[in-house]
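The structure appears below as structure tokens.
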Amino acid sequence: AFDKDDGATLFTAGEDGVVNAWCLLDLVDQDCQSSSGGGSNAIHPFRTWSEHHLPVTSLCVLPGSGCGSTRLVSSSLDRNLILMELGGTNNSSKAFDGSGGARTLARM
């Protein structure tokens, strides 16, 4: 799933129960370096959520998050829905816990 605002972030999820946020420019740049014989630096997601205990089955970026944030929801075989937020201007302590403004908002 792509960030609905500018498409610069790619969100992925899989059988390991992990949701990742990737900078699309980093992925494209790495692809260009590989095809031109450049270095083989590993690309890593800039944010990872490990909230699910079984494979993730659905991932959706929610429209209209606003305030510079992106909200997404994931579902899993563990029968949980997880609502996550990346960025934003919320001044709660959770937004400044070293996670770069990313947090889990709810588990349902």
Side-chain angles (χ1 to χ4, degrees):
F2 287 95
D3 179 358
K4 303 279 188 201
D5 290 334
D6 59 9
T9 304
L10 172 65
F11 297 97
T12 61
E15 292 186 5
D16 58 0
V18 174
V19 175
N20 291 304
W22 305 84
C23 176
L24 194 57
L25 295 176
D26 289 346
L27 297 173
V28 170
D29 186 47
Q30 178 66 23
D31 189 43
C32 290
Q33 287 180 10
S34 296
S35 64
S36 66
S40 60
N41 296 333
I43 298 293
H44 301 285
F46 68 86
R47 178 57 172 111
T48 298
W49 290 270
S50 302
E51 303 292 330
H52 291 292
H53 302 289
L54 292 173
V56 176
T57 56
S58 298
L59 182 64
C60 180
V61 177
L62 302 174
S65 299
C67 297
S69 71
T70 299
R71 288 186 178 174
L72 57 152
V73 64
S74 61
S75 65
S76 168
L77 292 177
D78 62 12
R79 299 174 65 180
N80 284 304
L81 291 173
I82 306 294
L83 179 62
M84 297 158 278
E85 182 177 50
L86 181 64
T89 57
N90 190 329
N91 290 329
S92 73
S93 60
K94 287 185 179 181
F96 298 100
D97 63 359
S99 62
R103 61 193 177 133
T104 299
L105 297 174
R107 176 183 291 272
M108 298 173 255

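Please read all numbers here as calculations on a predicted model, not as lab measurements.
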Can you give me the closest heavy-atom contact between [X] and [Y], atom names plus distance?
X: Met84; Y: Val73; answer: CE-C, 4.3 Å
X: Ser76; Y: Pro55; answer: OG-O, 2.9 Å
X: Ser75; Y: His52; answer: C-CE1, 4.0 Å

Any heavy-atom pair between the side chains of [Y] and [X] that's under 4.5 Å?
X: Leu59; Y: Val19; result: yes
X: Leu24; Y: Asp3; result: no
X: Arg47; Y: Leu86; result: yes

dist Leu25:CG -> Thr9:OG1 (nearest 0.5 Å) comes out at 9.0 Å

dist Thr48:OG1 -> Trp22:CH2 (nearest 0.5 Å) comes out at 7.5 Å

Apply side-chain contact (heavy atoms from CB on, under 4.5 Å) to the pair Leu83 and Leu62, showing each step before the final yes or no.
CA-CA 10 Å; Leu83 179 62; Leu62 302 174; 3.6 Å; yes

Before giving the answer on side-chain contact (heavy atoms from CB on, under 4.5 Å), spell out for Asp26 and Phe46 the whole-Å C-alpha distance, their side-chain angles and the decisive distance to 0.1 Å.
CA-CA 10 Å; Asp26 289 346; Phe46 68 86; over 6 Å; no

Regarding His53 and Asp78, do their side chains bring together a donor and an acceptor under 3.5 Å, going by distance alone? no

Honestly curious: do Leu27 and Val18 fall in one hydrophobic cluster under the side-chain, below-4.5 Å linking rule? no

Between Phe11 and Val61, is the side-chain contact (heavy atoms from CB on, under 4.5 Å) condition met? List the steps.
CA-CA 8 Å; Phe11 297 97; Val61 177; 3.7 Å; yes

